[in-house]
Amino acid sequence: GDKVKQSPSALSLQEGTNSALRCNFSIAATTVQWFLQNPRGSLINLFYLVPGTKENGRLKSAFDSKESYSTLHIRDAQLEDSGTYFCAAEHYNQGKLIFGQGTKLSIKP
Amino acid sequence: NAGVIQTPRHKVTGKGQEATLWCEPISGHSAVFWYRQTIVQGLEFLTYFRNQAPIDDSGMPKERFSAQMPNQSHSTLKIQSTQPQDSAVYLCASSLGQNTGQLYFGEGSKLTVL
């Protein structure tokens with residue numbers, strides 16, 4: 001089964017609204033990273049997390065290693081937030097990341 | 001600062017030919033990773049190096065794929081006897097290398113095998 005499961009798989013929002021994306025892990029994740037793949041295909045690193053929370057502008061992310069999940073909150077969504085969001089977990093400090101299948105986010109004016 | 005640089009951006013090969021993809025990591029980063037992205041399989045880990053030494057190649061198809069890092073400024077991924085199922089976007093990433101650290105990806109090399 002999926003070691004890193006993202007939900008929802010797709011989401012459509014009006015500009016200015018808020019959203020929450022989630023990743024559930026069936027592995028013992030030690031660190032988590034969130035990426036945005038923009039329409040050009042570039043993967044942009046949004047957050048690198050050990051257990052805890054981080055905030056950057058309109059984005060906030062949390063990682064709970066005991067409950068095996070991570071969330072990404074987007075506040076006041078803008079058109080440029082459109083793209084596919086990926087979470088990725090590192091398993092037991094092995095170095096490599098295991099990616100989820102992504103959440104495709106569309107922001108409408 | 002330049003990001004991770006990958007060349008070529010696009011490559012088309014015929015079945016059975018060889019393809020070599022290049023990656024220049026961010027200066028000062030000691031860990032280099034290769035991933036592959038397809039619609040069906042998503043993002044898959046292939047291999048990674050730390051301080052030019054191969055650390056984990058558990059994602060590499062055993063027979064036709066090989067990766068090297070001859071110096072700290074570049075890594076190559078070579079695919080021999082390419083097959084249509086090798087068609088994918090091949091992504092290189094680098095990090096400072098403290099454990100995994102924050103990963104920075106290049107724009108990818110799109111390989112199409114006809």
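Letters go in sequence order (proteins before strands), and every chain restarts at 1. Note that this is a predicted model, so its numbers are computed, not measured.
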In terms of the angle between their ring planes, are A:Phe63 and A:Phe25 parallel, tilted or perpendicular, with boundaries placed at 30° and 60°? perpendicular
So for B:Leu91, is it side chain, backbone, both, or neither that comes closer than 4.5 Å to the heavy atoms of chain A? side chain
A:Asn45 versus A:Gln33, side-chain donor and acceptor atoms under 3.5 Å: yes
Candidate pair B:Leu46 and B:Phe33, rule side chain to side chain contact (heavy atoms under 4.5 Å, CB included), full reasoning: CA-CA 8 Å; B:Leu46 294 175; B:Phe33 298 78; over 6 Å; no
With only heavy atoms counted, which part of B:Gln37 is less than 4.5 Å from chain A, the side chain, the backbone, both or neither? side chain
Euclidean distance, B:Tyr104 OH relative to B:Ser95 OG, rounded to 0.5 Å: 9.5 Å
Filtered by a 4.5 Å non-hydrogen cutoff, the part of residues 105-114 of chain B contacting chain A is B:Phe105, B:Glu107
Can you hop from A:Leu79 to A:Leu59 via hydrophobic side chains spaced under 4.5 Å? yes
Reported CG-to-CD1 distance for the pair A:Leu11 and A:Ile107, which is rounded to 0.5 angstrom: 7.0 Å
Does a side chain donor of either A:Trp34 or A:Ser61 reach within less than 3.5 Å of an acceptor in the other side chain? yes
Anything in residues 58-85 of chain B with a heavy-atom distance to chain A below 4.5 Å? Please list those residues in order. B:Ser58
I'd like to check A:Ile98 versus B:Phe45 (side-chain heavy atoms, cut-off strictly below 4.5 Å). Are they in contact? no
Sequence neighbours left out, what pairs pass disulfide (SG to SG under 2.5 Å) with at least one residue falling in residues 7-50 of chain B? B:Cys23-B:Cys92
List for me each residue that meets side-chain hydrogen bond (donor to acceptor under 3.5 Å, both in side chains) alongside B:Gln17, sequence neighbours excluded, and say none if there are none. none
